[in-house]
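Quick one: structure below, then a few questions.
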Amino acid sequence: MKEIQKLFPSMDGNDFQREELLSYFKTILTKIDELKDPNKLTLGEMPDYTEDYYNRVIQKANVPNKGVSMEEVIQKLLKLVEGHRYVNRNYVANAAPLPNIASIIGNLVMVLVNGNSLWDVEGQAAATAEIEVTSMLSKLVGYDESISAGYTTWGGQGAVFNSLRLAIARYAPASNQHGIPKNLYCFCSELSHYSLYKSVEATGIGVENMIRVKVNDDHSMNLEDLREKMEQVIAKGGVPLYVLATMGTTDTFGIDDIEGIKQITEDLERTYGINSIYIHADSAMGGMYTFFNDYDFESNPLRFEDRVKDVLKSYQQKFKHIKLADSMVFDFHKLGQTPYISSLFLIKNRENLMYVDLDAAETPYVGNRGYGSYHTGYTLECSRMGSALAIYASLLAFGIEGYQELLANYIRVNIAFRETLTKEITNVMVTNEVSPITTFRFYPEKIKWNDEINGHLTVEEIMEINQFNDEFAEVIGAERDTVFFGNTKKQRLIEAANSNKRISVYAHKFFAISPYTTIEEVDRYVGFLKEHLEFFLKTKSSNNLMLEI
Ligand SMILES: *Cc1c(COP(=O)(O)O)cnc(C)c1O
């Protein structure tokens, strides 16, 4: 047993075992640092992902009969890290965070004491941190912290699922016993994340009862279409149960008008005498911008330049209404720069939890005791990781102002990127509003965006431009070790001149997520695109020539 004990941290806090653990940490940090290269995206060389790569992994995998040394364990782990993408200045693809140092330390503490957020007796650090960040962020968004509740969960996806579960249980408290009613309907924008799609599948509501609402040109939900579709549901005897208000769509950062949505639901409730309709703000992408809810743009203490200020001010107008939602989410592992998974699901009124809480008789092992006063029997998870610690540490280290600086920089870089892109390249169109994300679309010859969004092009013409962008995405994707751009095959849907089916628009994506993505880098990003585009156009036209010959 002595040998086995050596695999664990000490019981008495002796220097020797601590030094040993520290030396492992040091090796790992040093080796990873050695692999860093600011001119590349990856840590060292990417493995050769041949077609049988994972098959070979499957065949070789075996639990060793005898445990190997810690040195070998570390070596094997570092082998896995080799070629890993690293979110440095060359990463402009998606909302992938570079965990900040405070969050790394918060996670380390979480692991070292290994609390279970399920019950404070088993995890007091994470439980207190969870209550504390819930209160901090409730105050920030304008929820009353004395009646709100929150818990960390499995991502923005988990928050959507949890919120839908609350909505069902609130509407039909007996559904936990008898199963859910048949006629429930959910509404979301056609550009919303697939989280709701999965949730209506899993709750048994069914995808057919998820109604997609059209979007406006700024990628926010079209409210007339929402009202119309809700009234149609009511007219045929259905129950409008739930609206997902997306606060920052995943690809284009469209922000739904939650105040307008609330007006519609209240109006319908009054007119038709129906139950309160649940609104979840899917703020997985945009929620961090609530950090500007109390920013004074007049005195502008952080001295944001006018162009950045104007965007942030317009966000304030939208995000200050997020408090109207019954629940929302902070996905810190997106724009908040913490490790996966650190997402806080925030509920405006904790009374809603009573509909889903387990009866004490169902929880014989935990919670059901005189000791301990925090037991999250209402979560879908049983044991829960203490990711509130990473969130807590980040909030302390950044403060409101630190996050404001970080979040403003995403905007600043995007404004510069748009300007340089359209100045340097003639056949490109920027296709969304200024935000942490820029979507853009190239054209084989001249820009046809206006014709596209006004329904003047045929399906074939739109598809040809899509194809052009798709091929170019492959070209720059192969060079992603230099700069890694994102792309999407559904930036939005547009009408075509010769079809009543709407067509998806393909676009490229620039996502300024790394703290090392600054305006000084913008020329390099655009230069990369320009150089590859010129080459791509040349090879394409010579291929066409060959075909003609
Ligand atoms: C990313 C995202 C989600 C899913 O969040 P996860 O943390 O990945 O589970 C949900 N909604 C929106 C709008 C998102 O951008």
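Order of listing sets the numbers, starting from 1, for every ligand and every atom in it.
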Checklist entry - With sequence neighbours excluded, what pairs up with Arg170 under the salt bridge (Lys or Arg N to Asp or Glu O under 4.0 Å) test? => result Asp326
Next on the checklist: Checking Glu495 now: which residues fulfil side chain to side chain contact (heavy atoms under 4.5 Å, CB included) with it, not counting sequence neighbours?
Outcome noted: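 Glu495 satisfies side chain to side chain contact (heavy atoms under 4.5 Å, CB included) with Arg502 once adjacent residues are dropped.
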Item to check | Phe297 vs Tyr295, ring pair (Phe, Tyr, Trp, His ring centres under 6.0 Å): CA-CA, chis, key distance, verdict | outcome: CA-CA 6 Å; Phe297 287 99; Tyr295 189 78; 4.8 Å; yes
Please give the N or O to N or O pairs under 3.5 Å between ligand 1 and the protein, distances rounded to 0.1 Å.
residue	atom	partner	partner atom	Å
ligand 1	5 (O)	Gly156	N	3.2
ligand 1	5 (O)	Asp331	OD2	3.3
ligand 1	7 (O)	Gly156	N	2.8
ligand 1	7 (O)	Asp331	OD1	3.4
ligand 1	7 (O)	Asp331	OD2	2.6
ligand 1	7 (O)	His333	NE2	2.8
ligand 1	9 (O)	Gly156	N	3.1
ligand 1	9 (O)	Gln157	N	2.9
ligand 1	11 (N)	Asp282	OD1	3.1
ligand 1	11 (N)	Asp282	OD2	2.6
ligand 1	15 (O)	Thr250	OG1	2.9
ligand 1	15 (O)	Lys334	NZ	2.8

Checklist entry - Going by the side chain to side chain donor-acceptor pair (under 3.5 Å) test, which pairs reach into residues 103-115, not counting sequence neighbours? => result none
Checklist entry - Hey, are Arg492 and Asp251 close enough for a salt bridge, meaning a charged N less than 4.0 Å from a carboxylate O? => result no
Next on the checklist: A quick test of your reading: do over 12 heavy atoms of other residues, nucleotides or ligands sit less than 6.0 Å from NZ of Lys313?
Outcome noted: no
